[in-house]
Amino acid sequence: MVSQQAPIGVLDSGVGGISTLQTLTKLLPDESFIFYGDSANAPYGEKSAAEVQKLADHVIDQLRAQAVKAIVIACNTATSAAKPQLMTKYPDMPILGIEPALKEAVDAGKKDILVMGTPLTISLPKYRAQVARFDSQANVYSLPCPGLADLIEQGHDGLPEIEAHLSELMAPMLEKPVDGVVLGCTHYPFIGKLIQAQFDHPVTLYTGYEGLTNYLKRQLTDRHLLRHDHVKQTVKFMSSRQTVAELALYQQLFDSGIGL
Ligand code: DGL
């Protein structure tokens, strides 16, 4: 029997999911969370779908061992590659996943939308189907960003290489009349301002984090798992790279906010 008091497990290939965790903890202040970053195996976005399925399944095992009541896949790549399989394997527990927030951008009336994601996310049928759904409402420019999540994993927002790599990746997109940018990888919000700065006009960023949090709230409510006891929220960090420094880094990134 799953307990209402149990924490919610959140996972990513590394630090990216901390950007999602910040919204989850803010909008669900009565819930506690355990974040697992699979940094030892990052990046996921340049592996095969089968490899990502295996890795995400292993992380879910670790989180289930902590008696979590729900799982949030705070990784667009793992959602695209593995969510249906994981939901089938663990039918006893809500498993939700972040996906590129194209709908949010279209609903906001954006007409020329750039979607940035890992090569795996952008190549998978789930994303292709999503683009096809909104084809008649907006021009969608899909930009796979090899290497970008990995650089952010290594240096968050401070590496000079990030700026150089980003400019190179984005150059072909700067000719398009982009009015909205979907950050289809949870690592990218850490460099959200840098992404906006590539354009010579204002662009709105979309992450989908609020929609995901609201959906989680509905799932928990439907299963009578939403907490109402106003106990102080706890957030615990775990990592496959089991070093004190890695856990301290997660905590520091969580505390400092992503500045979006
Ligand atoms: N943060 C992840 C995502 O949302 C994956 C980055 C990676 O490991 O390649 O896609």
Side-chain angles (χ1 to χ4, degrees), residues 9-24 35-60 63 71-83 86 95-102 104 114-128 130-131 142-157 159 161-162 165-166 169 181-192 194-195 205-213 237-241 246 249-250 253-254 258 260:
V10 180
L11 68 102
D12 183 34
S13 64
V15 299
I18 295 171
S19 65
T20 320
L21 183 67
Q22 284 169 342
T23 304
L24 290 164
F35 176 83
Y36 191 107
D38 195 8
S39 296
N41 295 303
Y44 280 4
E46 282 151 70
K47 294 185 163 54
S48 70
E51 276 176 288
V52 172
Q53 275 168 29
K54 218 157 138 194
L55 291 169
D57 193 7
H58 181 68
V59 174
I60 289 185
L63 287 169
I71 301 275
V72 176
I73 306 171
C75 175
N76 292 264
T77 309
T79 301
S80 313
K83 194 178 86 155
L86 296 167
I95 298 185
L96 289 72
I98 189 73
E99 45 190 275
L102 195 45
E104 196 185 331
L114 170 63
V115 183
M116 300 172 67
T118 66
L120 187 58
T121 300
I122 300 289
S123 71
L124 286 171
K126 190 172 177 26
Y127 174 70
R128 293 280 143 210
Q130 214 191 355
V131 173
S142 304
L143 183 64
C145 300
L148 189 58
D150 197 24
L151 280 177
I152 297 168
E153 185 69 26
Q154 290 169 37
H156 325 299
D157 54 2
L159 285 185
E161 292 95 307
I162 294 179
H165 188 56
L166 186 67
L169 284 170
V181 178
V182 173
L183 302 180
C185 167
T186 55
H187 280 67
Y188 303 164
F190 287 108
I191 56 160
L194 208 54
I195 290 172
L205 303 179
Y206 296 92
T207 61
Y209 294 169
E210 284 196 26
L212 176 77
T213 309
F237 293 97
M238 295 173 70
S239 171
S240 53
R241 196 182 276 156
E246 188 72 6
L249 170 70
Y250 287 6
L253 286 173
F254 178 72
I258 50 168
L260 276 188

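Counting from 1, the numbers follow the sequence of the chain as shown. Bear in mind that the values here come from a model prediction, so they are computed numbers and not experimental data. Just follow the structure's listing: the first ligand is 1, and inside any ligand the first atom is 1. Scope of the values below: all heavy atoms of this structure, side chains included, with no hydrogens, waters or symmetry mates.
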Spell out, as yes or no, whether a donor-acceptor pair under 3.5 Å connects the side chain of His165 to the backbone of Cys145.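 Checked: no pair found.
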Just by distance, do the side chain of Ser19 and the backbone of Thr186 share a donor-acceptor pair under 3.5 Å?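 Checked: pair present.
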Could you tell me, atom by atom, which parts of ligand 1 come under 4.0 Å of a heavy atom of [X]?
| X | answer |
| --- | --- |
| Ala149 | 6 (C), 7 (C), 9 (O) |
| Thr118 | 6 (C), 9 (O), 10 (O) |
| Cys75 | 2 (C), 3 (C), 4 (O), 5 (C), 10 (O) |

Among the heavy atoms of Ala42, does any lie under 4.0 Å from an atom of ligand 1?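 So Ala42 does not count as touching ligand 1.
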Under 4.0 Å from ligand 1, counting heavy atoms only, is it the side chain of [X], its backbone, both or neither?
| X | value |
| --- | --- |
| Ser13 | side chain |
| Ile98 | neither |
| Asn76 | both |

Starting from [atom], what is the nearest protein heavy atom, named by residue and atom, and what distance separates them?
| atom | answer |
| --- | --- |
| atom 7 (C) of ligand 1 | Tyr44 N, 3.3 Å |
| atom 9 (O) of ligand 1 | Gly45 N, 2.8 Å |
| atom 10 (O) of ligand 1 | Thr77 OG1, 2.6 Å |

Does the gap between the ring centers of Phe254 and Phe237 come in under 6.0 Å?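 Distance test on ring centres: under 6.0 Å, yes.
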Say you draw a straight line from CG of Asp150 to CD of Glu161; how long is it, rounded to the nearest 0.5 Å?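 The CD atom of Glu161 is 11.5 Å from CG of Asp150, to the nearest 0.5 Å.
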Check whether more than 12 heavy atoms from other residues, nucleotides or ligands sit under 6.0 Å from atom CD of Glu210, and answer yes or no.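 No - once you tally the heavy atoms of other residues, nucleotides and ligands closer than 6.0 Å, there are 12 at most.
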Quick one: does Val59's side chain get under 4.5 Å of Ser13's, heavy atoms only?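 No - every pair of side-chain heavy atoms lies 4.5 Å or more apart.
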pair Tyr206-Pro100: side-chain heavy atoms closer than 4.5 Å: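 The answer is no, as the side chains (C-beta and beyond) never meet within the 4.5 Å cut-off.
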Please check whether Asp12 reaches ligand 1 - meaning an N/O of the residue sits under 3.5 Å from an N/O of the ligand, judged on distance alone.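 Yes; at least one N/O pair falls below 3.5 Å.
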Residue from Asn41, Leu11, Ile60 passing side-chain contact (heavy atoms from CB on, under 4.5 Å) with Leu55: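 The passing option is Asn41.
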